[in-house]
There are 2 protein chains.
Amino acid sequence: MTDLLKQNLTRHAALTPEEIEQFHLLFEPRFVKKKSFFLRAGAVCDSEAFVVQGLFKVYHVDAHGFEQVLYFAMEDWWLTDIDSFVNQRPSELFIEALEDSEILTISKPSKDLAYQRIPALNKLYRVMTEKTHVALQRRMLANLSKTADQRYVDFIEKYPRLAQRLSNVQVAAYLGISHEFLSKIRKKISRH
Amino acid sequence: MTDLLKQNLTRHAALTPEEIEQFHLLFEPRFVKKKSFFLRAGAVCDSEAFVVQGLFKVYHVDAHGFEQVLYFAMEDWWLTDIDSFVNQRPSELFIEALEDSEILTISKPSKDLAYQRIPALNKLYRVMTEKTHVALQRRMLANLSKTADQRYVDFIEKYPRLAQRLSNVQVAAYLGISHEFLSKIRKKISRH
DNA sequence: TTCACTTATTGAACTAGTTCAACCTGCGCC
DNA sequence: GGCGCAGGTTGAACTAGTTCAATAAGTGAA
C-alpha cells in the first residue's frame, strides 16, 4: 500500500532509498468515507495526504453557494491546500471524498521535521510544485481561450478514467459551466 | 541595481549573506527595448530574469491569433516559462517588453550550478513557486465564479499601479474578454 | 415496496459577452 | 504641417452560456 507512495516520491527527484524509507515512515494511513471531508473551509489544513485508493474533489464555494472545482484527486495524487498548510491559516477550500477512500497523511510538524532532516525534500517538492503549476497555467490559458465544448472534449481526452468516475455535475463544476449546459454539449457531441 | 534582487531573494527564505552574494553574482544585466522579446514561442527558454526596471507581458497566442495574458511582470517580479526553462523544451509563450526595461538574467547552466552549490536555493524556489501557485489558484477560482465586471474591479484594486501602466487591450487579454466589452464595463462603472 | 434523493435531459426565456464596423481622439514621425 | 496609426468608445446584431421549471430514470434505505 505504501509502494505507490514510494514510487510517486521517486518519480520527481532522486532521493536515496534511505531518504525515501525515512520520509515514508512519517505517513499514517487513514480511511475517509464517501461524502465526508478531508478539509473544510474555515479550518486550518494541518496535514497533507497522498491518495492510495479512492477519489476526492478539491473545491471552493462562492458567495452564491456555487462550487468551483480546483482539481480532482484519485490514486497517486496529492491532497492539500498549499496556502492553508504552508501558512497555517484558515482554508477557503473543501476537500471531500467522492468514493470510500484510503489515504496516507503527514502532519505539518512531521513535514517540517522532514524538511530539516532530509534537505533533498526541498528539491522534491520544488519540482512537484513546478509541475502542478505548469499544469494549472495550461488550464488557465485554455479557460481564457477555448469554448466550453472544446474544454469538455479536452477534459475527457486528458482524463478518460477520471471522467468515468465523475457525475456530470462534478465535471461541469470543473469546467466552470452549468450542468444543464454540459448536458446540451454532450447531446450535441453524441450526434457526431 | 542588484539591491532589489537581493531584497527579493531575502523575502522568501533565509539565505545567508554569503549565499545571496554568491548567487547574485551569476546574474547578468540586460536591457530590453519596448516591443522586443525576452522569449518567443518555439524557442527554448534558456534563461530566467528578474525585472529591475520596466514592464513585461507573458502571454500565449491561440489558434485564432488571440492573445491570452498569463501575467504581467514589473519591477521586483520574475520572468520565466517554467516548463520550457526546467525541461529545456520549446516554449508556447511570448514574453514581450511593454516599456524599455532593465533585467537581470541567469542562464540555465548557471542556475543548475547554483542549485548544486547552494542547496538552500531549493527551498527558496520551492517557497516562491508555492506562492505563485497559490496566486494562480485564486485567479483560476475567480475566473470560474466571477463576472468580467467583478474581475476588472478586483484587478484594478489588487494591482492599481500596474493597471495605470497598461492599455485596456492588455487588461482585457488578462481578464479574458474583448477590449470592446472592457470599454463598456468601464463606462458602466464610471457612472457609479 | 415505497419514499426520498440524486442524476440527467430538455425547452423557453433570459443575460453576459462577442463581433464587426464606424468614428474619434492624441501622438510620433518625416 | 500633414500623415499614419495605435488606443479607446459606441451601437447593432449575434452567440455562448444561464436560469428556471418540468420530467424521467436510477438508487439506496427502511
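- Residues meeting the side chain to side chain donor-acceptor pair (under 3.5 Å) test with A:Ser84, sequence neighbours left out: none.
- Counting only residues at least two apart or in different chains, salt bridge (charged side-chain N to carboxylate O under 4.0 Å, His left out) contacts with residues 168-185 of chain B are absent.
- Note on the helix from C:dT1-D:dA30 to C:dC30-D:dG1: angle between the axes of the first and last five pairs equals 40°, rounded to 10 degrees.
- With respect to the salt-bridge test (charged N to carboxylate O, under 4.0 angstrom), the residues A:Asp76 and A:Arg11 qualify.
- Within the structure, every pair that satisfies the side-chain hydrogen bond (donor to acceptor under 3.5 Å, both in side chains) test and touches residues 40-54 of chain B, not counting sequence neighbours, is listed here: B:Glu48-B:Thr80, B:Glu48-B:Lys111, B:Gln53-B:Glu75.
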Just the table, please: protein N/O against nucleotides 26-30 of chain C N/O, every pair under 3.5 Å.
none

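- In this view, B:Arg89 and B:Asp83 satisfy the side chain to side chain donor-acceptor pair (under 3.5 Å) rule, not counting sequence neighbours.
- Using the six-membered ring where Trp is involved, A:Tyr125 and A:Trp78 have ring planes that are perpendicular, over 60° apart on the 30 and 60° scheme.
- The side-chain contact (heavy atoms from CB on, under 4.5 Å) search around A:Ala173 returns A:Val69, not counting sequence neighbours.
- Grouping Ile, Leu, Val, Met, Phe, Trp and Tyr residues whose side-chain heavy atoms lie under 4.5 Å apart, directly or via other members, places A:Val86 in a hydrophobic cluster with A:Ile82, B:Val134.
- With sequence neighbours excluded, the residues that form a side-chain contact (heavy atoms from CB on, under 4.5 Å) with A:Lys33 are A:Ser36, A:Asp100.
- A heavy-atom distance below 4.0 Å to DNA chain D is reached by these residues of residues 172-183 of chain A, ordered by number: A:Gly176, A:Ile177, A:Ser178, A:Glu180, A:Phe181.
- Applying side chain to side chain contact (heavy atoms under 4.5 Å, CB included) to A:Phe27 and the options A:Leu5, A:Thr105, A:Val52 leaves one that passes, A:Leu5.
- Comparing B:Leu166 and B:Lys184 by the nucleotide of DNA chain D whose heavy atom lies nearest to each, the residue mapping closer to the 5' end is B:Leu166.
- Relative ring orientation between B:Phe38 and B:Phe56 is described as perpendicular, the plane-to-plane angle rising above 60° on a 0-90° scale split at 30° and 60°.
- Within the structure, the salt bridge (charged side-chain N to carboxylate O under 4.0 Å, His left out) test picks out the following pairs touching residues 14-23 of chain B (sequence neighbours left out): B:Lys6-B:Glu21.
- Read 5' to 3', the first and last nucleotides of DNA chain D with an atom closer than 4.0 Å to a heavy atom of chain B are D:dG8 to D:dA12.
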